[in-house]
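So the structure is just underneath, and the comments pick up after that.
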Amino acid sequence: MQVKTIQQVYDWTVLFHTQMAANFHSVKDLLDEHNQMLVDYYLQYEKKLAEDLVGFNAITEINTLDTYCYEYFAENPELITFNDISTDQKIDEKAIQVYLTTQHQKVIDLYEYLVSRADTEQSKEKLERLLELEHQGLKQMMQSSNRHMDM
């Protein structure tokens, strides 16, 4: 996927969450029962985030950000290639948490960058709402993960 416009960033974010869900699904059977429950929760939450984004009003009118989108992805080409969780190492709660936060931080960094470049109040507001959705999603998953680890 090539990302050059704000609409493509939006589409990429939906795809990101869909791929995260698919990745958690692919490793689920490799885990013990305790971690299967955790990964299943992440899988369902990632699907919810993708669905929430699909329900979000399209942001195509923010065309002034297209240049910044293109530049950001040109400087960070690794974002285009989705990183699966490594099955070469032991997949435990900590490895799952590190993977989740690392992947989500990439999306958060992107939206923080775009918010800082927004030149209209309307575009800034929409991007801030998307950024808040990402922050809240990660926060919710980490809180649930911590509760899960306490079990």
Side-chain angles (χ1 to χ4, degrees), residues 1-28 35 37-87 91-150:
M1 175 179 209
Q2 207 173 24
V3 180
K4 293 183 179 180
T5 67
I6 191 68
Q7 183 60 46
Q8 290 170 334
V9 167
Y10 174 79
D11 294 341
W12 172 84
T13 308
V14 172
L15 181 62
F16 168 85
H17 290 297
T18 303
Q19 288 178 314
M20 287 288 288
N23 189 28
F24 285 128
H25 178 75
S26 72
V27 299
K28 187 176 170 183
N35 286 323
M37 290 178 0
L38 177 63
V39 166
D40 191 53
Y41 170 77
Y42 287 160
L43 183 158
Q44 297 303 322
Y45 206 92
E46 290 292 349
K47 285 172 39 179
K48 180 190 176 308
L49 283 171
E51 291 167 3
D52 288 350
L53 281 167
V54 168
F56 192 83
N57 292 334
I59 51 178
T60 54
E61 71 273 4
I62 311 175
N63 294 329
T64 57
L65 289 172
D66 287 353
T67 301
Y68 295 117
C69 294
Y70 178 77
E71 289 174 355
Y72 193 87
F73 278 87
E75 292 173 11
N76 299 281
E78 73 281 358
L79 293 176
I80 301 300
T81 306
F82 183 78
N83 295 324
D84 289 338
I85 192 167
S86 175
T87 56
I91 304 175
D92 59 10
E93 293 165 326
K94 189 67 177 166
I96 295 166
Q97 277 189 331
V98 168
Y99 170 74
L100 183 78
T101 55
T102 302
Q103 291 299 100
H104 275 266
Q105 192 59 51
K106 294 175 186 179
V107 178
I108 289 169
D109 291 346
L110 167 62
Y111 279 102
E112 285 176 344
Y113 172 81
L114 293 174
V115 166
S116 74
R117 300 300 187 269
D119 60 353
T120 68
E121 200 55 42
Q122 180 187 18
S123 60
K124 188 173 187 173
E125 181 182 311
K126 284 193 174 207
L127 289 166
E128 285 174 340
R129 286 180 25 213
L130 288 169
L131 178 59
E132 183 63 22
L133 179 68
E134 293 296 330
H135 274 296
Q136 289 302 319
L138 180 57
K139 183 179 174 182
Q140 176 67 38
M141 286 187 283
M142 294 313 301
Q143 286 174 343
S144 294
S145 181
N146 289 333
R147 284 192 300 270
H148 181 80
M149 287 173 67
D150 290 340

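Any value given below was found using the heavy atoms of this structure, including those in side chains, with hydrogens, waters and symmetry copies removed. What you see is a predicted model, and the numbers here were worked out from it, not measured in a lab.
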Do other residues, nucleotides or ligands put more than 12 heavy atoms under 6.0 Å from Tyr70 OH? no
Beyond-backbone contact of Tyr45 with Phe24, side-chain heavy atoms, under 4.5 angstrom: no
Report yes if the side chains of Tyr72 and Val9 come closer than 4.5 Å at any heavy-atom pair, otherwise no. no
Judged by atom type as modelled, is there a donor-acceptor pair below 3.5 Å linking the side chain of Tyr68 to the main-chain atoms of Ile6? no
Find out whether Met141 and Ser144 are in side-chain contact, i.e. whether some heavy atom of one side chain is under 4.5 Å from a heavy atom of the other. no
Any sub-3.5 Å donor-acceptor pair from Gln8's side-chain atoms to Lys4's backbone N or O? yes
State, yes or no, whether a side-chain contact exists between Leu100 and Met142 at a heavy-atom distance under 4.5 Å. yes
Check the pair Tyr42 / Gln97 against side-chain contact (heavy atoms from CB on, under 4.5 Å), numbers first and verdict last. CA-CA 10 Å; Tyr42 287 160; Gln97 277 189 331; 3.9 Å; yes
With a 4.5 Å heavy-atom cut-off, do Glu46 and His25 have their side chains touching? no
Take Val107 and Met20 through the test side-chain contact (heavy atoms from CB on, under 4.5 Å) and record every step on the way to the result. CA-CA 12 Å; Val107 178; Met20 287 288 288; over 6 Å; no
Approximate separation, where rounding is to 0.5 Å, of Glu112 CD and Glu128 CD: 10.5 Å
Under the side-chain contact (heavy atoms from CB on, under 4.5 Å) criterion, do Thr13 and Leu130 qualify, and how do the steps go? CA-CA 10 Å; Thr13 308; Leu130 288 169; over 6 Å; no
Any Ile91 side-chain heavy atom under 4.5 Å of Ile85 side chain: yes
Rounded to the nearest 0.5 Å, what separation is found between the CG atom of Leu127 and the CG atom of Leu65? 6.0 Å
Can you confirm whether Glu71 sits close enough to Tyr113 that some side-chain heavy atom of one is under 4.5 Å from a side-chain heavy atom of the other? yes
From Phe73 atom CZ to Thr5 atom OG1, the distance as rounded to the nearest 0.5 Å: 10.0 Å
In this structure, CG of Leu110 is separated from CH2 of Trp12 (nearest 0.5 Å) by 5.5 Å
Are any non-hydrogen side-chain atoms of Asp109 and Asn76 less than 4.5 angstrom apart? no
As an exercise, state the distance from CG of Leu131 to NZ of Lys126, rounded to the nearest 0.5 Å. 15.5 Å
Among Glu51, Lys47, Glu134, Lys48, find the residue that satisfies the side chain to side chain donor-acceptor pair (under 3.5 Å) test when tested with His17. Glu134
Strictly distance-based, threshold 3.5 Å: is any side-chain N or O of Asn23 a donor or acceptor partner for the main-chain N or O of Gln19? no
More than 12 foreign heavy atoms under 6.0 Å from NZ of Lys106: is that the case here? yes
Pairwise distance CG(Asp84) to OH(Tyr99) - rounded to 0.5 angstrom: 5.5 Å
